[in-house]
Amino acid sequence: MSDHSPAPHLPSSTGEGEGYLARLNPEQRTAIETTDGPLLVLAGAGTGKTRVLTTRFAHILLTERAKPWQILAVTFTNKAAREMRERVGVILGEAVEGLWLGTFHALCARMLRRHAEYAGLTQSFTILDTDDQMRLLKQVMEPWQLDTKRWPAPGLMGVIQRWKDRGLTPARVTDADDTDFANGHARAIYTAYQTRLRDLNACDFGDLMLHVTEILRTRPDVLEQYHRLFRYILVDEYQDTNTVQYLWLRLLAKRSGTQSNICCVGDDDQSIYSWRGAEVENILRFEKDFPGAQIVRLERNYRSTQHILGAAAGLIAHNGERLGKTLRSGKDDASGEKVRVTGVWDSDTEARAVCDAAESFRAKGASLAEMAILVRAGFQTRAFEERLVQTGLPYRIVGGVRFYERTEIRDALAYMRILHQPADDLAFERIINVPKRGVGPAGLQKLHAAARARQVPLAAGTQALVAEGGLKGKMGAEITKLMDALSSTRDILVREGHVVALEFLLEESGYLDMWRNDRSVEAPGRLENLKELTRALADFGTLGEFLEHVALVMEHDENAGDAKLSLMTLHGAKGLEFDIVFLPGWEEGVFPSQRTLDEGGLKGLEEERRLAYVGITRAKKHALIYHADRRRIYANWQPSMPSRFLDELPEEHVVRKNNGGTQPRGLNLSESVFDNGPLTSRRRQDPLAASTTLPNFQLGDQVRHPRFGVGVIIGADRHQLEVIFESGATKRLLSSFIEKV
DNA sequence: ACTGCATTCATTTTT
DNA sequence: TGAATGCAGT
């Protein structure tokens with residue numbers, strides 16, 4: 001903590017001499033300076049929400065209302081937490097240590113480590129990933145002998161997770177709750193699952209919230225501790241909280257005898273996660289939950305042009321049940337372009353139209369980094385990807401398979417987990433036959449039996465079996481080798497540290513050889529990822545710290561850098577902004593999604609509409625919406641109707657154009673759409689220009705492409721290289737995508 | 001214990 | 001359409 005003296009405190013100051021409060025609008029200022037008592041800040045899209053949150057945090061510190069560790073600041077994403085920490089640091093002029101600032105889950109993990117015994121765990125409990133959860137649940141389900149077709153494990157996992165989202169421990173699940181699954185066996189299996197977790201000294205993600213909330217509910221002494229600790233609570237994205245998160249916050253905020261200094265920031269119009277357990281009602285109910293609450297509305301938008309805001313506002317006005325906000329443009333640029341709605345022939349034409357438009361914007365000086373294609377569902381990305389590759393536009397898919405979720409990384413992590421926590425049976429099960437050691441279901445059974453007979457974890461039981469010579473043949477030899485490798489690695493861990501230990505173990509276990517001997521195109525990439533993993537490991541002091549980081553943070557900066565067009569889902573785009581946003585697939589059934597309509601009725605429709613609102617409001621300068629007349633669904637082409645949302649966009653903010661109906665003649669469908677004057681954006685040095693002057697590729701050079709693997713250059717023109725790949729496919733590609741082998 | 005064929009079924013996924 | 005699982009065959 002700093003003993004650095006804060007700026008002279010001027011509670012509710014008039015603003016003189018306080019740089020951090022300068023240049024805020026009156027509403028923002030109110031949101032920051034109303035420090036005491038419950039406060040709800042309704043922050044529309046692009047109204048400076050993050051700024052308010054961080055400035056408020058700093059303000060509380062600078063006016064000496066609380067010490068850094070007396071503020072609880074909660075976000076949903078690691079990204080938001082990181083950003084907040086950085087920006088608070090900037091205002092204070094130094095990084096602050098010891099903050100209770102993080103995601104719900106990270107903060108709960110921290111609390112749970114302190115009070116693990118109240119949840120029947122030890123302080124060093126493991127946090128399972130989704131694979132492990134599912135494997136464990138399948139094991140637990142076995143004795144029930146359910147028809148796995150009718151009652152699949154993922155379905156039950158969903159039920160359990162929803163219970164956890166609602167703060168229901170097995171004991172709190174009522175008969176009425178337990179009707180959905182397997183003729184009322186769900187609660188019993190849930191109970192068994194929780195018992196298994198406890199035996200493994202493990203918890204799943206939902207348990208982090210659930211256990212802590214349960215402890216706060218049932219241990220007044222623990223709750224009291226936190227009441228004394230936290231003077232101020234800040235919550236980001238309140239509209240996305242689920243019931244446990246709400247309970248957790250309310251327990252922490254409601255201190256007897258004092259008012260709750262809880263400030264929740266959110267936007268009911270951007271609630272798009274109800275299917276994950278989020279309850280918009282939490283934000284709608286705020287005043288009831290916290291009597292005397294003040295409400296501040298941030299409605300001045302500094303992001304988008306008036307037409308974009310007008311279109312978004314007109315759309316969202318069709319929703320009922322809103323707290324009600326009207327976004328006003330903070331800038332007065334009536335010059336902005338209207339939202340463009342384009343009808344096209346089919347989904348391929350759509351992809352072409354979008355890529356042509358992107359190209360055209362780029363030609364006018366816009367950077368690809370400022371463009372995004374936002375789709376409703378993952379399957380829509382494929383058409384765009386194909387077209388982008390053909391066109392040679394660099395792009396990145398946001399929210400694909402994440403680094404820590406790749407097989408090779410999860411395997412390596414399992415190796416680390418078994419080092420760190422020898423009782424981690426799930427980790428052991430994962431790696432026992434990776435690489436292949438001839439251990440199948442039967443072999444695994446034998447190991448389990450050995451462990452059970454000795455009442456020890458799986459790894460220890462296996463070790464004992466090996467020592468007795470109870471394992472024969474190839475399997476016996478291989479397992480012995482693995483166990484030896486593990487024990488030598490433990491020595492190395494002590495003597496030479498965790499980085500060397502990991503490298504040693506991956507080598508000795510034969511794991512690296514497994515990939516080296518793999519001839520598939522992904523193998524070299526996987527080895528590269530493993531190298532990257534050891535590099536990342538070096539940033540942490542201990543294995544334990546690293547594993548905690550991985551379990552909670554699950555992200556890893558990769559190939560950021562070059563300007564690339566972003567391709568992602570609308571959900572993934574929340575909180576981001578781009579100069580130019582492409583919104584394809586606005587058709588009935590796709591968007592709004594048929595399934596949501598079927599399952600969620602009017603509520604579902606309204607959530608889809610909020611999603612559309614989120615999509616449009618991501619755009620700063622240009623929003624381009626597309627709908628196709630026909631779309632290929634699985635095998636066959638089906639006609640599609642324009643989305644009802646299109647009718648809800650106010651005419652004065654929209655330009656409509658229809659290229660559908662007739663088969664395209666091929667070229668530049670979209671050209672006439674974009675001759676609407678030059679972009680206002682400054683012309684940056686185009687990062688692509690640099691990449692086209694690139695390395696001296698020659699005909700016949702061996703090259704590697706991240707998607708297509710290894711190939712040979714068979715042709716080239718100024719910007720593109722023609723490459724024939726091992727698969728036999730020939731592609732025209734931008735050289736920046738390719739590296740020489 | 002592994003391989004290959006058939007069958008199934010397709011949203012969104014902050015942690 | 002294609003990927004991902006499950007079962008039967010070797």
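What you are looking at is a predicted structure, and each value in this text was computed from that prediction instead of being measured. Below, read A as the first sequence line, B as the second, and so on, with proteins coming before strands; counting in each chain starts at 1.
Contact check on A:Asp204 versus A:Lys164 returns a salt bridge, with a Lys/Arg side-chain nitrogen under 4.0 Å from an Asp/Glu carboxylate oxygen. We find that A:Asp424 and A:Arg430 are not joined by a salt bridge, their nearest charged nitrogen and carboxylate oxygen being 4.0 Å or further apart. Note on A:Lys49 versus A:Asp267: no salt bridge recorded, every NZ/NE/NH1/NH2 to OD/OE distance being 4.0 Å or above. Salt bridge A:Arg595/A:Glu599: present, at least one basic N to carboxylate O contact under 4.0 Å.
The CG atom of A:Leu471 sits 12.0 Å away from atom CD of A:Glu478, with the distance rounded to the nearest 0.5 Å.
A:Gly575 comes within 4.0 angstrom of nothing in the nucleic acid, heavy atoms only. Here A:Glu607 lies out of heavy-atom contact (under 4.0 Å) with every strand. Among the heavy atoms of the strands lying under 4.0 Å from A:Arg376 is at least one base atom, whether or not backbone atoms are also near. Contacts of A:Lys436 with the nucleic acid, taken as non-hydrogen atoms under 4.0 Å apart, involve only primed sugar atoms and P, OP1 or OP2.
The salt bridge (Lys or Arg N to Asp or Glu O under 4.0 Å) pairs that include a residue from residues 141-157 of chain A number zero, where partners must be two or more places apart or lie in different chains.
Counting only heavy atoms from C-beta on, A:Pro441 has its side chain closest to B:dA1 among B:dT15, B:dA10, B:dA1. Closest to the side chain of A:Thr77, out of B:dT12, C:dG2, B:dT15, is B:dT15. When the nucleotides C:dG2, B:dA10, B:dT13 are ranked by their closest atom to the side chain of A:Arg382, C:dG2 comes out on top. Side-chain proximity of A:Arg276 to the nucleotides B:dT12, B:dT15, B:dA10 is greatest for B:dT15.
Contact between the side-chain N/O atoms of A:Asn433 and the OP1/OP2 oxygens of B:dC2 is found at a separation under 4.0 Å. Dashed line: the shortest gap from a side-chain N or O of A:Asn636 to OP1 or OP2 of C:dT1 is not under 4.0 Å. Taking only side-chain nitrogens and oxygens, A:Ser593 never comes nearer than 4.0 Å to OP1 or OP2 of B:dT12.
Atom name C1', nucleotides C:dT5 and B:dT12: the rounded distance is 23 Å, in whole Å.
Ring stacking is absent between A:Phe379 and B:dA10, as the pair misses the limits of under 5.5 Å between centres and under 30 degrees between planes. Aromatic stacking is marked for A:Phe76 over B:dT14, as both cut-offs hold: 5.5 Å for the centres and 30° for the planes. Between the side-chain ring of A:Phe104 and the base of B:dT15, no stacking contact exists by the 5.5 Å and 30° definition.
Rounded to whole Å, the distance from CZ on A:Arg631 to P on B:dA10 is 19 Å. Rounded to whole Å, atom C1' of B:dC9 lies 12 Å from atom NZ of A:Lys149. Distance, A:Glu405 CD to B:dT14 C1': 12 Å, rounded to whole Å. Atom CG of A:Leu567 and atom P of B:dT12 are 13 Å apart (whole Å). Put simply, CE on A:Met568 is 15 Å from C1' on B:dT13, counting in whole angstrom units. Note: NE2 (A:His105) to P (B:dT13) measures 16 Å, nearest angstrom. Atom CD in A:Glu386 sits about 9 Å away from atom P in C:dG2, given to the nearest Å.
Comparing A:Ala442 and A:Phe205 against DNA chain B, the residue whose closest nucleotide sits nearer the 5' end is A:Ala442.
Relative orientation of the A:Phe582 and A:Tyr626 rings is tilted, given thresholds of 30° and 60° on the angle between their planes.
Every stem involving DNA chain B, taken as at least 3 paired positions in a row under the Watson-Crick or G-U wobble test at 3.5 Å, is listed here: B:1-10 with C:1-10.
Remark: A:Arg609 fails to qualify as a cation-pi partner of A:Phe645 under the 6.0 Å distance and 45° angle criteria applied to the six-membered ring.
With sequence neighbours excluded, no residue forms a ring-ring contact (aromatic ring centres under 6.0 Å, His included) with A:Trp637.
Contact of A:Arg402 with B:dT13 (side chain to base): no donor-acceptor pair of N or O atoms is detected under 3.5 Å.
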